[in-house]
Amino acid sequence: MTPACRRTDRTRPHSSSVVLFYSGESSSKDNNGGDQGNWNREHVWAKSHGDFGTSPGPGTDIHHLRPTDVQVNSIRGNKDFDNGDEPVEGAPGNSTDNDSWEADDEVKGDVARMIFYMATRYEGTDSHPDLELNDQVENGSAPLHGKLSVLKEWHEADPPSDFEKNRNPFIDNPEWVGEIF
Ligand SMILES: [Ca+2]
Ligand SMILES: [Ca+2]
Ligand SMILES: [Ca+2]
């Protein structure tokens, strides 16, 4: 399956499927759930980094939420982003280790730009945490995400695609309107 084919579904406004983040696999949009084989919403800025959970604000910010296979989402967990070396079961092209996650080349820049967005959007006002970048892993529950130097490299290596530029999340996922507003 070529990357271009993987992208077809998610660029079509009324598609019945979503393309899962990291793995690039297609899944029915109705396959949302918590069981193996389902997809759920990945908080690309790990929600424990700043401990904001799923409450309004960073916890529901569509700009860093992506449908992701439940098991892949679980393996990513709250790891910071860095280059890794162990392949991820169910998501070829991604790698991990005990303290970090390396996204597939197709989405490296997407990840980086989501993290950059979150760090600039959330500045400690309106009872939201001040999210910031640093150059470390194992940030735990601190409102910090790493590694900045690696994310900058990923941003350069994977520039914005037409899909990413044109993306309107409410066209891709009309059901999210009801969840957010
Ligand atoms: Ca590591
Ligand atoms: Ca990309
Ligand atoms: Ca900030």
Side-chain angles (χ1 to χ4, degrees), residues 1-11 18-26 42-52 55-68 72 75-88 91-169 172:
M1 188 166 52
T2 67
C5 292
R6 290 179 191 167
R7 289 170 182 280
T8 311
D9 278 339
R10 64 179 175 182
T11 60
V18 293
V19 174
L20 304 180
F21 202 58
Y22 302 129
S23 67
E25 299 292 333
S26 290
E42 154 78 336
H43 290 72
V44 174
W45 180 292
K47 59 184 186 294
S48 65
H49 293 222
D51 197 26
F52 50 75
S55 54
T60 58
D61 194 320
I62 199 82
H63 292 99
H64 81 124
L65 297 175
R66 292 292 181 272
T68 302
V72 173
I75 299 169
R76 190 269 156 137
N78 66 353
K79 290 169 181 167
D80 289 272
F81 295 104
D82 192 6
N83 298 316
D85 46 30
E86 299 162 23
V88 175
N94 299 265
S95 3
T96 191
D97 57 30
N98 61 337
D99 60 16
S100 59
W101 178 272
E102 178 179 354
D104 183 90
D105 288 350
E106 284 288 313
V107 293
K108 276 183 164 69
D110 307 48
V111 165
R113 287 181 283 277
M114 285 185 237
I115 297 296
F116 297 151
Y117 162 81
M118 294 296 281
T120 51
R121 168 64 183 84
Y122 295 101
E123 295 287 74
T125 56
D126 300 326
S127 69
H128 300 315
D130 181 9
L131 305 180
E132 291 296 327
L133 287 152
N134 67 5
D135 213 35
Q136 296 172 29
V137 294
E138 298 190 285
N139 278 306
S141 61
L144 300 169
H145 224 299
K147 295 171 66 171
L148 176 58
S149 59
V150 171
L151 290 165
K152 288 170 83 172
E153 288 171 12
W154 291 2
H155 174 56
E156 293 296 321
D158 174 34
S161 60
D162 285 345
F163 163 69
E164 193 184 349
K165 285 179 189 167
N166 296 337
R167 183 177 186 122
N168 178 337
D172 277 357

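Every number for a ligand or one of its atoms is a count from 1 in the order of the listing.
- No side-chain N or O of His128 forms a donor-acceptor pair with one of Asp126 less than 3.5 Å apart.
- Judged purely by atom type and a 3.5 angstrom limit, Asp135 uses its side chain to pair as donor or acceptor with the backbone of Ser149.
- Aromatic pair Trp101/Tyr22: ring centres closer than 6.0 Å.
- Among the atoms of Met118, no N, O or S atom is found under 3.0 Å from the Ca ion (ligand 3).
- Under the 3.5 Å distance criterion, the side-chain polar atoms of Asp80 are matched with a main-chain donor or acceptor of Asn139.
- The name of the N, O or S atom in Glu123 nearest to the Ca ion (ligand 3) is OE1.
- Here the angle centred on the Ca ion (ligand 3), running from O of Leu131 over to OE2 of Glu132, is 80°, rounded to 10°.
- Of all N/O/S atoms in Glu106, O sits nearest the Ca ion (ligand 2).
- Within the 3.5 Å criterion, the main-chain N or O of Glu123 finds no donor-acceptor partner in the side chain of Thr125.
- An angle of 90° is found at the Ca ion (ligand 1) between Ser100 atom OG and Asp97 atom OD2, rounded to 10°.
- With respect to the Ca ion (ligand 1), Asp99 has OD1 as its nearest N, O or S atom.
- Around the Ca ion (ligand 3), the angle linking Ala119 (O) with Asp130 (OD1) is 170°, rounded to 10 degrees.
- Between the Lys47 side chain and the Phe52 main chain, no donor and acceptor come within less than 3.5 Å of each other.
- Distance alone, capped at 3.5 Å, is enough to place a donor-acceptor pair between the Arg76 side chain and the Lys79 backbone.
- Angle OD1(Asp158) to the Ca ion (ligand 2) to OD1(Asp110), rounded to 10°: 130°.
- Not one N, O or S atom of Asn98 sits under 3.0 Å from the Ca ion (ligand 1).
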